[in-house]
Amino acid sequence: MSLVSTRAAFEKAVTDAVTAADNTVLMVYDNVRFTTPGKTKKYVIMSITYNQTTIQTQGASSDFYVGVVQCSIYTPKSAGTSTFSAIGESVIDGLTSVNAPNYTDTFSCKPRVLEVSGPIPLEIEDRSHFIGLVSCQFSAIA
């Protein structure tokens with residue numbers, strides 16, 4: 001298991017769910033350079049933060065990753081909240097899909113999420129988009 005495979009597991013789960021629900025939504029990842037999409041585009045910026053990377057047992061430490069996944073949802077302003085809500089639901093579906101009994105762990109990291117917060121809408125002046133957040137804590141083990 002590695003930090004890379006853990007990140008990939010969550011990125012794939014969310015991307016698959018968002019794309020299945022609406023293939024016009026762009027996915028942007030915190031570890032990839034991007035140009036901000038135009039004001040008519042819908043997109044999700046996904047970031048992953050690691051708060052812990054090992055657990056100390058008797059002897060050598062073991063890989064045990066704990067952190068936070070945050071997805072910032074951007075939808076065009078003045079278009080209502082239905083699009084924002086639909087994208088939020090697909091992000092939540094992607095995050096929680098790793099907990100399903102039929103989840104296939106192709107990245108060999110046993111990803112799990114805890115309670116999901118959001119979507120929390122943020123009305124920020126002078127922005128071309130309506131913004132909201134979905135976040136949750138996660139764990140992954142070797």
Side-chain angles (χ1 to χ4, degrees), residues 1-77 79 81-142:
M1 178 176 73
S2 70
L3 295 169
V4 172
S5 60
T6 302
R7 176 182 290 277
F10 289 108
E11 287 177 352
K12 180 171 178 13
V14 172
T15 300
D16 288 353
V18 169
T19 302
D22 183 347
N23 65 1
T24 65
V25 178
L26 303 171
M27 288 296 301
V28 179
Y29 310 101
D30 64 343
N31 58 344
V32 177
R33 189 176 187 165
F34 77 98
T35 301
T36 304
K39 64 182 178 180
T40 61
K41 300 289 183 183
K42 303 172 283 190
Y43 60 102
V44 175
I45 298 178
M46 184 174 184
S47 64
I48 298 175
T49 305
Y50 294 93
N51 300 331
Q52 176 182 341
T53 54
T54 64
I55 188 167
Q56 192 63 43
T57 58
Q58 292 180 342
S61 64
S62 299
D63 290 342
F64 180 76
Y65 302 151
V66 176
V68 176
V69 176
Q70 180 174 307
C71 295
S72 302
I73 302 164
Y74 292 77
T75 58
K77 267 194 175 171
T81 59
S82 64
T83 301
F84 167 76
S85 296
I87 296 170
E89 285 182 31
S90 62
V91 167
I92 293 166
D93 289 346
L95 289 169
T96 58
S97 71
V98 301
N99 292 354
N102 63 344
Y103 173 74
T104 303
D105 184 13
T106 59
F107 298 97
S108 302
C109 63
K110 300 182 185 100
R112 293 290 178 262
V113 297
L114 297 175
E115 289 80 16
V116 177
S117 297
I120 301 166
L122 306 171
E123 183 63 37
I124 301 174
E125 294 295 322
D126 302 327
R127 292 285 181 110
S128 62
H129 286 78
F130 183 72
I131 304 168
L133 299 173
V134 172
S135 64
C136 68
Q137 290 182 316
F138 73 87
S139 68
I141 57 176

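Computed over heavy atoms, backbone and side chain alike; hydrogens, waters and symmetry mates excluded.
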Checklist outcome for this item: Of all heavy-atom pairs linking Cys71 and Val14, the shortest is SG-CG1, 4.4 Å
Next on the checklist: Going by salt bridge (charged side-chain N to carboxylate O under 4.0 Å, His left out), name the residues that satisfy it together with Lys41, two or more places apart in sequence or in a different chain.
Outcome noted: none
Checklist entry - Between Gln137 and Val66, is any pair of side-chain heavy atoms under 4.5 Å apart? => result no
Next on the checklist: What I'd like to find out is whether the side chain of Pro119 reaches to under 4.5 Å of the side chain of Ile92, using heavy atoms alone.
Outcome noted: yes
Next on the checklist: How long is the straight-line distance from CD1 of Ile120 back to CD1 of Ile131, given to the nearest 0.5 Å?
Outcome noted: 13.5 Å
Checklist entry - Can any side-chain N or O of Ser97 pair as donor or acceptor with the backbone N or O of Gly94 at less than 3.5 Å? => result yes
Item to check | Approximate separation, where rounding is to 0.5 Å, of Asp30 CG and Glu11 CD | outcome: 7.0 Å
Checklist outcome for this item: Here the pair of heavy atoms bringing Ser139 nearest to Phe10 is O-CZ, 4.3 Å
Next on the checklist: With heavy-atom distances below 4.5 Å as the criterion, would you say the side chains of Lys42 and Val18 are in contact?
Outcome noted: no
Checklist entry - Hey, does Thr83 have a side-chain heavy atom less than 4.5 Å from the side chain of Ile87? => result yes
Checklist outcome for this item: Exactly one of Leu95, Thr96, Val91 clears side chain to side chain contact (heavy atoms under 4.5 Å, CB included) with Cys136, and that residue is Leu95
Checklist entry - ring-ring contact (aromatic ring centres under 6.0 Å, His included): which pairs involve residues 19-43, sequence neighbours left out? => result Tyr43-Tyr74, Tyr43-His129
Checklist entry - Roughly how far apart are Arg7 CZ and Thr49 OG1, rounded to 0.5 Å? => result 8.0 Å
Checklist entry - Between Ala17 and Asp93, which heavy-atom pair has the shortest distance, and what is it? => result CB-C, 4.3 Å
Checklist entry - Judged by atom type as modelled, is there a donor-acceptor pair below 3.5 Å linking the side chain of Ser2 to the main-chain atoms of Ser5? => result yes
Item to check | Aromatic ring pairing Tyr50/Phe138, orientation class (parallel under 30°, perpendicular over 60°, tilted between) | outcome: perpendicular
Checklist entry - What distance separates Ser72 OG from Leu122 CG, expressed to the nearest 0.5 Å? => result 8.0 Å
Checklist entry - Quick one: OG on Ser135 to CE on Met46, what's the gap to the nearest 0.5 Å? => result 11.5 Å
Checklist entry - Where do Ile141 and Phe64 come nearest, in terms of heavy atoms and distance? => result CG2-CD1, 2.8 Å
Item to check | Test salt bridge (charged side-chain N to carboxylate O under 4.0 Å, His left out) applied to Asp105 - qualifying residues, sequence neighbours left out | outcome: none
Next on the checklist: Tell me the closest heavy-atom pair linking Phe107 and Ala8, and the distance in Å.
Outcome noted: CE2-CB, 3.5 Å
